[in-house]
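Have a look at the structure below before the remarks.
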Amino acid sequence: MTRVYNFSAGPAVLPLPVLERVREELTDWHGCGMSVMELSHRGRQFTAIAESAEASLRELLAIPGGYRVLFLQGGATTQFAAAPMNLTAPGDRVDYVVTGSWTKKAIAEARRYCDAVAAADSAGSGYTTIPSIAEWDTDPAAKYLYYTANETIGGVEFQEVPESGEVPLVCDMSSTILSRPLDVSRFGLIFAGAQKNIGPAGLTLVIVREDLLGRARPETPSMLDYAPLADKGSMLNTPPTFAWYVAGLVFDWIAGEGGLAAMGERNRRKKDKLYSFIDASGFYANPVDPTCRSWMNVPFTLADPQLDARFLAEAGEAGLQTLKGHRSVGGMRASIYNAMPEEGVDALIGFMADFEQRNG
Ligand SMILES: *Cc1c(COP(=O)(O)O)cnc(C)c1O
């Protein structure tokens with residue numbers, strides 16, 4: 001068996017020990033004679049799997065009491081609508097800090113429901129910066145303040161949780177959750193599609209503060225209304241059982257690796273060495289302001305875009321795959337999520353140095 005280093009932005013690499021465990025248990029989970037995929041979501045076995053996954057996540061993130069954890073479907077994109085439907089009435093103001101493609105999508109969706117205002121927007125820098133908080137034109141009466149912790153396409157990441165006063169903070173953490181420790185108590189609502197740092201596609205994680213439940217506008221579909229979802233343990237209908245199970249294995253893998261502090265140290269080393277290499281080279285470049293570079297998604301360009309195709313082909317042959325940048329920005333993008341080992345980043349840097357030597 002050969003495993004490549006997969007730098008995909010999502011669905012992304014999963015930890016090999018998790019995949020091996022899934023394979024081991026695939027046809028017969030813990031001696032029950034059935035696959036997890038075949039278990040009733042209301043049965044004793046799956047209930048244990050579901051509860052254990054939530055407990056592991058609560059432990060990893062040190063989620064305080066007073067927060068509900070939901071395991072849903074629909075992807076992060078569905079949460080772009082669920083957030084305003086749950087937290088606003090028509091006409092209410094909400095503030096968005098627009099730092100790239102994903103926030104643009106989120107604010108466009110929110111505008112279908114309420115008065116969503118771009119309190120700050122880094123379009124002027126081509127989304128390579130995060131506007132300084134002193135310049136945000138936020139409303140203290142807004143129903144929430146929204147931001148995207150890590151812009152997966154542009155490679156721009158908040159290094160700190162912004163202060164929002166009494167206004168609930170809503171955050172799309174799809175591509176950075178679990179990359180390092182996080183103070184959940186700062187947030188009203190966190191959501192994340194699983195397919196970057198959590199597990200397989202098809203699962204969406206929501207962490208919501210209890211006092212924000214029960215405020216959804218009346219026409220909100222029950223499947224998007226956090227209160228009944230929380231009340232029924234994310235099982236208003238059949239949940240994505242297999243993805244939930246794999247996510248639980250990923251949480252336990254992270255704990256076994258030393259938890260989020262250890263994961264954060266490893267991720268810091270990975271991104272530091274990649275950015276240092278890029279900055280020291282006259283051949284590769286990363287456009288993002290050094291104060292807000294992503295820990296998880298590292299876009300870079302080659303001095304001569306004519307070489308892009310050759311770079312990708314040769315990288316692929318060297319076992320370094322899915323490095324093509326998003327179609328909206330071009331160039332390359334190396335996604336180095338939790339499950340990308342440090343050796344994968346070393347291999348990428350080695351290849352990049354060699355390619356530069358031969359083509360620079
Ligand atoms: C991938 C991604 C999304 C979209 O997630 P889906 O689960 O496909 O809806 C939204 N926001 C961010 C930051 C992402 O990285």
Side-chain angles (χ1 to χ4, degrees), residues 6-14 70-86 96-112 116 118 121-122 127-128 130 144-159 161-162 169-180 182 187 189-207 221 223-224 229 234 239-240 242-244 246-247 250 267 271 288 292-299 322 324-329 333-340:
N6 174 11
F7 293 93
S8 169
V13 55
L14 284 164
L70 309 178
F71 291 82
L72 307 178
Q73 306 192 47
T77 306
T78 298
Q79 297 305 313
F80 295 168
M85 293 192 98
N86 276 272
Y96 280 65
V97 181
V98 183
T99 51
S101 318
W102 287 115
T103 328
K104 283 200 271 183
K105 288 213 163 97
I107 194 173
E109 188 73 2
R111 283 180 173 145
R112 305 178 62 196
D121 190 320
S122 52
Y127 296 109
T128 58
I130 290 176
Y144 61 79
L145 172 63
Y146 181 106
Y147 76 108
T148 306
N150 180 59
E151 284 282 359
T152 320
I153 295 172
V156 169
E157 179 159 12
F158 282 75
Q159 306 297 310
V161 177
L169 201 51
V170 173
C171 187
D172 175 0
M173 280 200 194
S174 294
S175 51
T176 190
I177 193 162
L178 304 178
S179 64
R180 51 197 191 269
L182 178 73
F187 296 87
L189 170 68
I190 293 169
F191 61 85
Q195 66 275 22
K196 280 85 184 224
N197 238 353
I198 295 174
L203 173 71
T204 313
L205 185 70
V206 168
I207 303 172
M223 284 297 293
L224 298 187
L229 287 165
S234 308
F242 191 73
W244 192 333
V246 179
V250 171
N267 287 329
K271 61 100 183 165
V288 178
C292 54
R293 283 174 164 175
S294 169
W295 289 40
M296 295 281 105
N297 311 95
V298 181
T322 344
K324 195 172 172 23
H326 191 271
R327 59 191 181 282
S328 64
V329 292
R333 172 175 49 170
S335 295
I336 50 175
Y337 297 118
N338 285 346
M340 173 57 65

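Note that ligands are numbered from 1 as they come in the structure, with each ligand's atoms numbered from 1 the same way. Position 1 is the first residue of the sequence, and the numbers go up from there. Computation of the quantities below employed the complete heavy-atom set of this structure, encompassing side-chain atoms and omitting hydrogens, waters and symmetry-equivalent molecules.
Checking only distances, Asn150 never comes within under 3.5 Å of ligand 1, N or O to N or O. Close N/O approach between Asp172 and ligand 1 is found [any backbone or side-chain N/O within under 3.5 Å]. Between Thr148 and ligand 1, no N or O atom pair is found at a separation short of 3.5 Å. In terms of N/O distances under 3.5 Å, ligand 1 is approached by Ala76.
Residue, atom and distance of the protein heavy atom nearest to atom 9 (O) of ligand 1 are Thr77 OG1, 2.5 Å. The nearest heavy-atom contact from the protein to atom 2 (C) of ligand 1 is Lys196 NZ, 2.5 Å. Atom 8 (O) of ligand 1 has as its closest protein heavy atom Gln195 NE2, 3.3 Å.
Side-chain contact, Thr103 with Glu151: a donor N or O sits under 3.5 Å from an acceptor N or O. Judged purely by distance below 3.5 Å, without hydrogens or angles, the side chains of Thr322 and Asn6 pair a donor atom with an acceptor atom. Looking only at atom types and distance, the side chain of Asn297 has no donor-acceptor partner in the side chain of Thr152 under 3.5 Å away.
Relative to the six-membered ring of Trp295, Lys196 misses at least one condition, a distance below 6.0 Å or an angle of at most 45° to the axis.
The main-chain N or O of Tyr127 is never found under 3.5 Å from a side-chain atom of Ser122 such that the two would form a donor-acceptor pair.
Contact annotation for Thr152 and ligand 1: only side-chain heavy atoms (C-beta onward) come within less than 4.0 Å of the ligand.
Residue-ligand proximity: Gln79 is placed with every non-hydrogen atom at 4.0 Å or more from ligand 1.
Within a 6.0 Å sphere centred on NZ of Lys271, other residues, nucleotides and ligands contribute more than 12 heavy atoms.
Partner Asn267 forms a side-chain hydrogen bond (donor to acceptor under 3.5 Å, both in side chains) with one of Asn197, Asn338, Thr176 and no other, that one being Asn338.
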